[in-house]
Each structure stands twice: as structure tokens, then as C-alpha cells.
Amino acid sequence: MSRNLKPKPPGQPRHRRASRRWSMLKKPIYLYLTAAILLVWSSAAVAQEAPASVFSGEAKVVADTIWVLFAASLVFFMNAGFAMLETGLCRSKNAVNLLAKNLIVFGLVSLAYWAVGFGIMFGDGNEFMGTTGFFLGGNDNSPAIGEAYDGVFSALNWAGIPLNAKFFYQLMFAGTAATIVSGAIAERARFVGFFIFSILLTSICYPMVGHWVWGGGFLQKMGFYDFAGSTVVHMVGGWAALVGAALIGPRTARYFEGKSYPIPGHNLSIATLGGLILWLGWFGFNGGSTMAADPAAISHIIVITNLAGAAGGVAGTITAWIYFGKPDLTMTINGMLIGLVSITAGCAFVTSGSAVLIGFVGGIVVVFAVDVFDNFKIDDPVGALSVHMVGGFWGTLAVGLFSVGPEKFSWYTADSGPAMGLLSGGSFSQVGIQLLGLAIVSGFTVAFSYIVWTALKYLSGIRVTLEDEKLGLDLSEHAMEAYPGFLGDEHL
Amino acid sequence: MSRNLKPKPPGQPRHRRASRRWSMLKKPIYLYLTAAILLVWSSAAVAQEAPASVFSGEAKVVADTIWVLFAASLVFFMNAGFAMLETGLCRSKNAVNLLAKNLIVFGLVSLAYWAVGFGIMFGDGNEFMGTTGFFLGGNDNSPAIGEAYDGVFSALNWAGIPLNAKFFYQLMFAGTAATIVSGAIAERARFVGFFIFSILLTSICYPMVGHWVWGGGFLQKMGFYDFAGSTVVHMVGGWAALVGAALIGPRTARYFEGKSYPIPGHNLSIATLGGLILWLGWFGFNGGSTMAADPAAISHIIVITNLAGAAGGVAGTITAWIYFGKPDLTMTINGMLIGLVSITAGCAFVTSGSAVLIGFVGGIVVVFAVDVFDNFKIDDPVGALSVHMVGGFWGTLAVGLFSVGPEKFSWYTADSGPAMGLLSGGSFSQVGIQLLGLAIVSGFTVAFSYIVWTALKYLSGIRVTLEDEKLGLDLSEHAMEAYPGFLGDEHL
Amino acid sequence: MSRNLKPKPPGQPRHRRASRRWSMLKKPIYLYLTAAILLVWSSAAVAQEAPASVFSGEAKVVADTIWVLFAASLVFFMNAGFAMLETGLCRSKNAVNLLAKNLIVFGLVSLAYWAVGFGIMFGDGNEFMGTTGFFLGGNDNSPAIGEAYDGVFSALNWAGIPLNAKFFYQLMFAGTAATIVSGAIAERARFVGFFIFSILLTSICYPMVGHWVWGGGFLQKMGFYDFAGSTVVHMVGGWAALVGAALIGPRTARYFEGKSYPIPGHNLSIATLGGLILWLGWFGFNGGSTMAADPAAISHIIVITNLAGAAGGVAGTITAWIYFGKPDLTMTINGMLIGLVSITAGCAFVTSGSAVLIGFVGGIVVVFAVDVFDNFKIDDPVGALSVHMVGGFWGTLAVGLFSVGPEKFSWYTADSGPAMGLLSGGSFSQVGIQLLGLAIVSGFTVAFSYIVWTALKYLSGIRVTLEDEKLGLDLSEHAMEAYPGFLGDEHL
């Protein structure tokens, strides 16, 4: 992501200085001796300064690749986090269904994003979509081609790691977008509908939005900034989930005579485990989005990410404590998660103080967001919308509010980051751009999701029958139970 | 592993070019000025090109060590994956037993492989076994000794990382081989038998096979290739498990009057978690087997590994959907796992398209493999044989079928990889070698396991009594329950 | 940690040689040609020798940062390990409470350690505490300032990674110290008391002790060594927990008429998972404490750590097998954990044989330690005191017994490690220093904890009512259950 975070060609400054120094020497013959003298110094200089400049070329590719593969592994692990969180927050009679969805979705996305999605998102093409690079068939434009980069084509050539590493990292993000959906439509959606929707979302919708923001598309050109995906991943996943949840309708008996009846999840132990795995995964989600092991950048981003998650968790806990009278564990989890979602867009551009504030506001908002969705009878069993959509919106907006402005951090230049945020002393302009980008992405995702979910409704069906819902999706959709004989065993 | 993937001395080509350029200058005095001029250019060139050649020596050792320790940590985590998978797929009355076996086994293997196994596997010796290097007492042949390497002795000196890092990584593989066994003999084997068998397997049998294939032994010399252990780890673990399962006999009432009565596992939430942890761990299992942070190689391998796992999971799901009428979660898990096992031998040698095919075939086969074992009344509660043995066989064979042939990938030369595979346009020869290697390893492992399990049968007993089996191994073997008072607590 | 493990300025020797070589050339004009000749050689030499010396400057910072962030991520994950371990070892009616405590504590510690703790621990100040660097406001003293280091000020300037990375890694340790407390006071402590205690512990007590030992304080100057925190983390957490457990009192009906009635945990599946996650996390806990990717050091430390954990697990299993007649799973877990705690102080200073011995002794002791605490009616539901306090004591003492002495390992000099241990042929002196340090840290932590817990007793209350304890803390403190409708669902 943040394909704008174009690292300066490493060592260039010093090299340029060096070559300027030399170019004056190439002309007159009588300067040869002078050249020799200077060489003595400069060679010594090379030897002594070498450490400062050698971190480029192969060594940099190696370090960047290690970092990105490590980060990708953390993001991959988020699949386990979502699986545990969503399963734990739903009823045991639907546990197998949630586990199956969260497991198969990454298999499907891996194949779909390999075949189609990655090419649309980062392949050469136009401002709306890439049209090359399917089946990992594109040229490996690593290491960076440098000056050939023009912001539209060869979207990822600013990163020097192998194409396979770029794909692997980006794949994890596609997987995250898809897995957000499974939670919001849980406990009443048909397995086959989710199965097909996931393929289409990550083949078409998600990569197109990704192309606009990270692949050299029109939003990127417009100056819209979303460092690690508050919009690209969380808004897209969130809107796709919301449209699905709205079209599929709430769980039976969830709303009755104008009142809302929450249904508690069956296993908060694994839900909390899932939350902690997601927190861990976020270090890779944000920290790896540099696609390079820039020590200052990745250290900053990871600290910022953690502070926002921490502040969100504390804020969610305290808000629920005051509001409900008790520190509600699910609000600690949701607060922490919305803190992480909220900082995702701006983690490379804000200070640690702003991160705490962003996370804290998110943690307060999430407690009330659930009620808002409830008022519209949008039934979201695991709080995915409150966390990902609300957090995605707030995080994207926060870029326009809190960004410190270029040149404050070594990795953040006018070319690679947003204008100074409104609350940091900047103007409204970045806020406007962020809101415009949010509106465009939201409109497109809603339209896409509406069409696909509606088509699926008539083709395969998207909701189980009332009998099946009563019985539980585990038996009706999978003919299995999650915990047979848990408390003693009738077998043998 | 893949101790053949001998990296070329890094940077050498360019250095040689450089010294050739210079050597012509050393002779005539009147060339000094020319030298000076050239130096101007070349020094600038050194400054600018330096990055391309500096990645060797200490920097490379550091990067390789970080990569290998990261990969080893992922593989270590597979212990948790196996523990959750196996426990979840068995009954709650045997959960403590499975947890205890999966936890203690890594402790035992750590000590046994440190004391004996590592020396037999990679120590200097002959073509059948290493005879030195016990208790990590060998010379640290890092960084690579280079030319001194002769394919028999100092098996791991092609890798430049410290001996401790080599040991740590290899230890994780030994642990995996041992832990495969615990699943297949679950719910009726005695704890003490598994305890002793694990020590012997990882002290003797596994390291000997490892020596043959990776330690400079006769299979390695023969041209048998198993990049990350489809044979060495999964076939060995699988055969050891099969012999154990056969000798211990099926669980009571599992087969009755010619029919098979499957016994469902008690906790699919943790089983799915285990499956996802294993998927994650496999990135280290295959990606770390380079024992070096070669960016192109590790990126390729990780992508290939993931695609095969994804294809296997999708194939398993669809096959079960068609075959059983429902998408069976355990078949999604098993399909994904066999995809990963199948790609383990060839992940450095095949294309992404082949990886998808290999994984997909694995995912189909695994659904039917269970029935095959059932026909022989080999009772395998967690599907370990279908996944590891069948997958190990298919993966090892696939090397002979799909390998692209040398020089297609930068890390894959005629010295470091198999001949072109049959389906890539090659001959039958590599297929033949792969089958021969499989036969030899299988024969040895079966013989070893038969002797040890039979000896244990008379010495310590390998099967609990019928009463204990009914009661559950948790109470009979450990005097504990896994979930006392789970649904409310009578204490206090 | 181990802020004494000051790496030699990398590459310096060769550079100094190089400049000496050149300095003789700068004077006489007639040496220009000679200079040119030499340049030919030396430039070639630069090209060829470069690899050996370039691992410094930026490349080293990058590698060190990757390593430390990786290690920090592993330690972060220990939060999930503690959450699962503690929750699994307690009753289901208190599961939400334990999950909530283990989740919120890291949020609180993140904010508290960012605002105050890190400054007190590593900020410039005096020998008792740092007085600068709050809110990450200190100067980034990376890369290392070298000679300016004086052992008191700028405590972490021996490490070259960015300040944010240093903070992130150290934060994880603060989190660990706090989370140890939650287990020992489980099932009867009020949530609000733990909430406040955690903030104070990681704002004041833990950072002060950390300053003494790692931040340039008086214990560090005295020659007290605790490489990765047997004392700083585990003794501090352990004593804070013990004082809390003692003041809060045992769970009702835990001790009755002079006898002890153990209360089994409700979920050994997640407890074992937690144990395995902790084992994994320890590779980062000890391996990252170098704060640098020194290949030899980190490989050694990780192997040593694993061997001690393995030996502890095996010893705990065997001891319980002999003592109780059955291999007790919780003793396997506790044995493994005390092995890891015990090796934490000395992992950089001892041999693998000593590591096995240290872990093995720990694993035996832990089985009996529980009884000792029982005799004093200190009720510790998860064995936190037996593991962390006993292990922390033994590990700190073991430094004085088993350290090999300076110059045996490349990273262990007289400046950066303890004197040779008593059993390695050294004198009593290091043992004495270790015991003195233990006494001082223990005294301070006990005093601090006593004051804070006592104050909380009167301000907020630290123990729930008997009715609430009977009902379970989940309902009384959080108005939630962990597993509602687990075995079938009355909803709908």
C-alpha cells in the first residue's frame, strides 16, 4: 500500500554529491594528478562512509523481503483471528458454518486474487483498473525501475522486493476484506452465497478500489491517502457486509415489536483469543504496508498502531462501564479493534498523541454505533460494521485532520503523504479529498454489492429457511456439529 | 533442507569481472595516468555499483539468520497447530491425553535431537549416518567453508548461519515428524508408549532418513529430491503412525460387522484454529528450508506453498460437497493440509500453476483416502495418514512430474534441484528416482516402527484396557479432565 | 535489556587500518603516482573486502530493527498465551473476568508505559530512576552514540535501533510483568482493583526496578546481571502477585480445616494452547533482548531457551508422574514455563548443558513449590507464583552458578556479562551480587505492592463479596457469561 511512500533511491544523495565532485575532474588533462589526490581522499571516504550508503541494492531487497514476508505472515494469521472472533461471538449451533467460511474464504481468495484480482489492482492498465498481470504473469518490476515510474503504470515498481513477495503481501489484504463480510451476515446466510460472493468481491470490487487508491488510479492522483487500508480494506469489506446484512435481513427474533434482542456469543474465550490475534496481525497490516524495512518508518508505524489499539480498548471499556454499568468484554474487544481500524489510514502520518486520540474516539464511538445499526434493523452479530465501517470512515477522515504534514518524518514527503491535517494547522482541502474518496469508494462498493447479492438471491439463494435457522446452520448447511459429545461421550 | 541449494558465492561474478578489469592495468608504468582516469570512473562505479555486490559476508549471515529463526518460530508454532487440530478432532474424554502428548513430545524431541538426532542427521560420518556432532558438539562450519564441501561430510556447511540456528531450525522438523504420530494412534494408545517411541523415532529413525536425503547420504547422491520434507518428515511420520495405528488396533466399536462408524471430534473450533496455525507454520516450513534469505527463492516458495494449500482446501471442500452432499469442514481442513504436504517436496522447483494442480489433486484424493484406510481397518482418528502419508507420497512423486528443470529459477541449478519433470517435458528418470527413494524410506521406517512398537507392546504396553478406553484416557492415564465444571461449577 | 551487551563499533578495525594506510600517502607530491597504483589495489580491495566490513551503519540498523520488531511481536503474542493459560486454569464462571483482565491490561500498560514508565526506566536521570523521556519525548539516541555512553545516562544508546523500536520492545516486557499478576489473584479479585494496580505497577514499580538493572542504575553498576528479566519481569510480577494474593486472601473453600482443596481449571485445551504460545513468545523474550541481530548471540540464546523449556517440561512431567502416579498435564505446562523463566536471566551466559540442568531443576522444583504456597495459604489459581517467582529466583541465582565467564562467547565480555559462575569454576562473588540484587528488588516490590494493594483495599475494594464469588465474577463484575448456550441454544 501507500504506494506513494516512494523511497528515495537509496544512497542517491551521496552518490550525486560524489558524481558532481567527479564530473568537474573529467575534463582537463592536467587535473589527472589532482584527480589522484582527490581519489585518495574519496576512496578513503568510500571506505569510511560505506556503511552509510551501502544499504541499497541486494542488501535492501533482502531486508525488505524478510520484513514484508514477516508482515504478511502476521496478516495471514488474522484469518485465525477473524475465525475465532466471529465464531466465538455467535451461537454454537452456527459455529461450524463460521469456521468453514473463515477457512475456505482464504482458499478462494488465494486463487481468485492470483488469477484475476492482483492484475486488476496493480497491473498496468488505466486509471480505473489494471488489465495485465493475471496469474502472476506480469513482469517482475523489482527492483524499482526508478524514474520510469509515472504514477499510473507498474503500480508497485516503487517497491524493490520480488513480485511474488508483493503478491503475497497484497493477497493477505484481499483476504481480510473478504473475511469481514462473513461476520456481519453470520447465522442466517447460505454458505454457497458467501462462497460465490467472496470470489467476486476479491476478483473485481476490492481490486478495482485498490487500483484507484494504491494502483495508480484516479483517487491516488487526486491526493487521497489511505496508508494501509482503512478505506480500501475496511470500508470495502464493511459496505459489502452491510449490503449483505441488509438484503439477507436480521436473524429471526432479533428484532421484535420495535425492540432489539441481542444474542450473546457462545465462546468468549476464543473470541478474545481472536481479538488478540487480530491485534498482533495489525502490526503486520500497518507495519508491512511500507513494503520496505525502513527502520524509522516501521518502528513509528508499529508504535502508533499499538497506541491507537490500546486507547480504543481502554475507551471502549470505560465507555461501556459508564454506559452499561459494567466493563463489557466485547466492548473492550471492539474498542481495541476500532482503534486499530481507525489508525490504519494514517499510521504513517500522525504523532503518537494523535494516535491515542484517534483510537480513543473510536473506542467511544463503537459502543454507540451498535445502537445506530440496531435502529435500522441491520443485524450484525459480531459488530463487524461498527468496527470496520465506522472505524474505516473515522480513520480515513482522521488523515485529513491529524496528519503532521510533509517533511516532519523522514519517510513522509509531499509526494508520499497527505497535506497537513486540519487540526495540525492545515486547511480543509485534505479533509475534502478524504471525504470525496470515501464517497466514491462507498458508492461503488454499495452498487457492486447490491447487484451481486441480489443476483445471488435469485441464483443460489442467500438466506437459509426458518427451519434451518432454528436448527442451526451447522446441521442444515454442513451436517455437522461443532461440539458433539463435549460434556461426556455416549460413544463406545 | 535442500542442502543442495548451495548458494553461489555471492557477488563473485562481478568481483571477478572487476579484478579482470584491473589486472590489465597493473603492468606498464605509463598506464598509471590511464589508471587514474579509469579509477575516477571505476571508483564512481564502485560507489554506485557497490550495493549490488555487498550482500555477502556478515550482512548475509545476519539476514539468513533472521530469516531462519523467523521460519523456525513459525514451524515451532505448528506444535500448537497439531495440538489443537488433534485434540479438537477427538473426543473430550481423551483431550488431556492429546494435549499432553503434543506438548511433551516437543520437550522430548528437543532433548533427544540435541543429544543424538542432529549428529546422526547432519554430523560428519558415512552415507548412512552421521557419527559426530552429538550434544551440539560439532564444529560450527559457518559461514560456509565453500570448496571443502564434498556432499558427504559437513552436511550443512553450504548454509552460512551459525550452527545453533541450523540446529534450531532442523529441530522443528524433527518435532513435526514425531507429532504426526500422536494423532493417528489417538484415543487408545498408552501415554508411556508414545513417550518412548517419540524419543526413539527422533533419535534414530528420522535422523537416519534425514541423513540419506539431506545430510550427504546415498539418496541425496542418487539425485533424490525432497525440498522441505514430504518424504523426510511426512512419510516418516506417516509410516511410523500407520504401523502404530495398525499394531495398536482400531478404537473399540469403530468397525463393527464390516461397517465403519466414524467418531466425530469434540471441538471443531480449536481444530480449525489448529488448521490455520498449521497453514501459517508451513510458510516457515517450506520458506525456511532455503536456510538463507534469498529473496527470489523465499518469495516464490511461500507463494507456491500458499497456492497449493488454498487449492487443496477448495478441492477438499468441493469434493466433499459433491460426494457427501454438504461442504464438510473437516474435509476443508484436510484438503488444505494435504495441499500443503503435497507441495512440500517440490515448492522450490515448480510453477504456481503446477502448485495449484498439485494441491487440487491432493484435496480430491484426501476425501477418498480415508475410505481406503477404513477398508483396511486402520483407524486414524484425525486423518493423519490420509494427509501426511498420502500427501507425502504424492508430493514426492510430483517433484518427478512437475519440476520445471534447472536454470528456470535463479536458485535452481542442475546441482541443486531435480531433472525436468515428466509432465514438464522431461523423462521418466526423475520419477523413477523419486519412487525408489520413497520405497527405501518407507521400507526402513516400517521396519523400524514395527520393531519399536512391537518391543514396546511387550515392555510397557501400547494400548489401554477396554475399561480405560471407555472411561477415557484423561481419567485413566492422567487422572484429569479437560473441561471440569465447564457449564457451571459445583465448587464453593 | 542486557544494555551492557554493547556491540563493538562494527567494522571499525578495518577502517582504521585503511585510513592508516592512506594517511602516509597524503604528504609528498611525488607519491601521487604511487597513490594511483595503490589505489588500483585498494579499490579492488574495497570491492572485494567490502562484504566483510559493511555490516554496520544503516544495514545493521535495518537488520536489528527487523529482529527486534519480530521479537517484540512474539512477546506481544504472550498476552494471548497468558489469557488462554489463566482462563483455562480457572473456572468457567470467572472466564470473562480473566479474559477481560488479560486483554485490557495491555491497553492500560501501553498508555501508562508510553506516558510515564519508559521515561522512568530508560530516560536520563539518576541511579534510581529516569526523569526524562516521558510520552516518548526523549531524544532518539540511535544509532549508538558510542563513547558518550557512561552507564548512567541515555541507557539504551548502546542499541542502534530507532527509539520507537526500543520502546515497542520494552513495552512488551512491561505488559508481561503486569499480566503475571492477574493469574495469581484470579477468581476473587475485583476488576477495578486490578485495573488501577496494573497502571501503577507499570508506571512506577516495574520501571524503577528496570532502571536499576537495565537503565544505568545502581544494580547495573554493582554488576548484577539479569539478561532478559528473570528478576526484572518475573520477580517483580511474581512479588506483586504474591502480595496481592496474600492480601486478597484465598478463594472461599480453597482451604478448609487445615487441608487444601485444589480447584481444577475448566478448559485445559486453551490452557495448553496458552502454554505453547508462551513457549513461542519466549524466543522473542530472550532472543530479542540483545536488541540487535547478532547471529551468534541470538542463535545461541534461542537454542538455550528452548532446551531449558524442554528440560523443564520433561522434568515436571516425570516428577509429577512419580509423585502423583500420573503424568499431570498442568505440571508439564508449569515445568515448561518454569524452565523458560529460569533460563531468562542467564540465556546469554551459559552453555546448552547448563541450560538443560537449569530447566530440569526448575521443572522438579515447580511441582513442590505449589505445596509450599499452599502451606502458607497463599492461593494461586494458575500457579503463577510457583512459575514466575520461584523460577525468577532460581534463574537469577543460576547466573551466579553457571555463567561460563567472559570471552567464551563472542558477545560476552567482562563489560557485558557476569563473572564466571561458581559451578563453572568461579568464585562466590557473582552469587553474592545476584542474591543481593534479588533481595533489593524483592524488598522494594513487596513494599510497593503492599502499599498499593492496601490503599486500593480502602479506596476501591480488592475482593468481591462472597455472593459474587459464588455467582462468579463474570456475572457479578461483567454481567456476561463466557459460554452462554454452549450446548444448544434456547434462542429463536
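Values reported hereafter were calculated over all heavy atoms of this structure, with side chains retained and with hydrogens, waters and symmetry mates removed. In what follows, every chain begins at residue 1, and chains take the letters A, B, ... in the order their sequences are listed.
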- Task: To the nearest 0.5 angstrom, please state how far the CG atom of B:L475 sits from the NZ atom of C:K326.
- Result: 9.0 Å

- Item | Output field: ring centroids B:F77/C:W279 closer than 6.0 Å | no

- Check whether C:I66 gets within reach of chain B through its side chain, its backbone, both or neither, counting any heavy atom under 4.5 Å. side chain

- d(C:I302 CD1, B:N164 CG) to nearest 0.5 Å is 10.0 Å

- What orientation do B:F486 and C:H266 show, parallel under 30°, tilted 30 to 60°, or perpendicular over 60°? tilted

- Query: Heavy-atom distance under 4.5 Å to chain B: side chain of C:V356, backbone, both or neither?
  - Reply: side chain

- Message: Let's test your reading of the structure: which of B:A100, B:S110, B:G88, B:A482 forms the most heavy-atom pairs below 4.5 Å with chain C?
- Response: B:A482

- Mind listing the closest non-hydrogen atom pair of B:I104 and C:V314 along with its distance? CD1-CA, 3.8 Å

- Item | chain C contact via B:V109 - side chain, backbone, both or neither, heavy atoms under 4.5 Å | neither

- Ignoring hydrogens and angles, tell me if any N or O in the side chain of C:T272 forms a donor-acceptor pair with the backbone of B:A83 under 3.5 Å. no

- Message: If I measure from the heavy atoms of chain B, does C:I298 come under 4.5 Å with its side chain, its backbone, both, or neither?
- Response: both

- Task: Just give me the residue among C:T317, C:T332, C:L74, C:V303 that pairs up with chain B most often, heavy atom to heavy atom, under 4.5 Å.
- Result: C:V303

- Task: State, yes or no, whether a side-chain contact exists between C:P295 and B:I161 at a heavy-atom distance under 4.5 Å.
- Result: no

- Note on the structure: Closest heavy-atom pair, C:L280 versus B:F76, reported as atoms and distance to 0.1 Å, is N-CE2, 3.5 Å

- Task: Kindly state whether the ring of C:W321 and the ring of B:F191 have centres lying under 6.0 angstrom apart.
- Result: yes

- What's the spacing between C:I277 CD1 and B:I277 CD1 if we round to 0.5 Å? 6.5 Å

- Is there a side-chain contact between B:F195 and C:P327, using heavy atoms and a 4.5 Å cut-off? no

- Item | For chain C, the option from B:V68, B:L103, B:N97 that forms the most heavy-atom pairs under 4.5 Å | B:L103

- Evaluate the criterion side chain to side chain contact (heavy atoms under 4.5 Å, CB included) for residue pair B:F135 and C:S352; output intermediate values, then yes/no. CA-CA 8 Å; B:F135 295 97; C:S352 54; over 6 Å; no

- Roughly how far, to the nearest 0.5 Å, is CG of B:L69 from OG of C:S299? 5.0 Å

- Query: Can you tell if the side chain of B:I270 reaches within under 4.5 Å of the side chain of C:L273, non-hydrogen atoms only?
  - Reply: no

- How close do B:P484 and C:P264 get, heavy atom to heavy atom, and via which atoms? CG-CB, 3.8 Å

- Message: Please identify, among B:S73, B:G274, B:A95, the residue contributing the most non-hydrogen atom pairs under 4.5 Å to chain C.
- Response: B:S73

- Measuring from C:L329:CG to B:E481:CD, what's the distance to the nearest 0.5 Å? 13.0 Å

- Is there a side-chain contact between B:M480 and C:T330 (heavy atoms, below 4.5 Å)? yes

- Item | Spacing of NE2 belonging to C:H300 relative to CG belonging to B:L136, to within rounding of 0.5 Å | 10.0 Å

- Decide whether B:Y483 and C:S269 meet the rule of one side-chain donor and one side-chain acceptor closer than 3.5 Å. yes

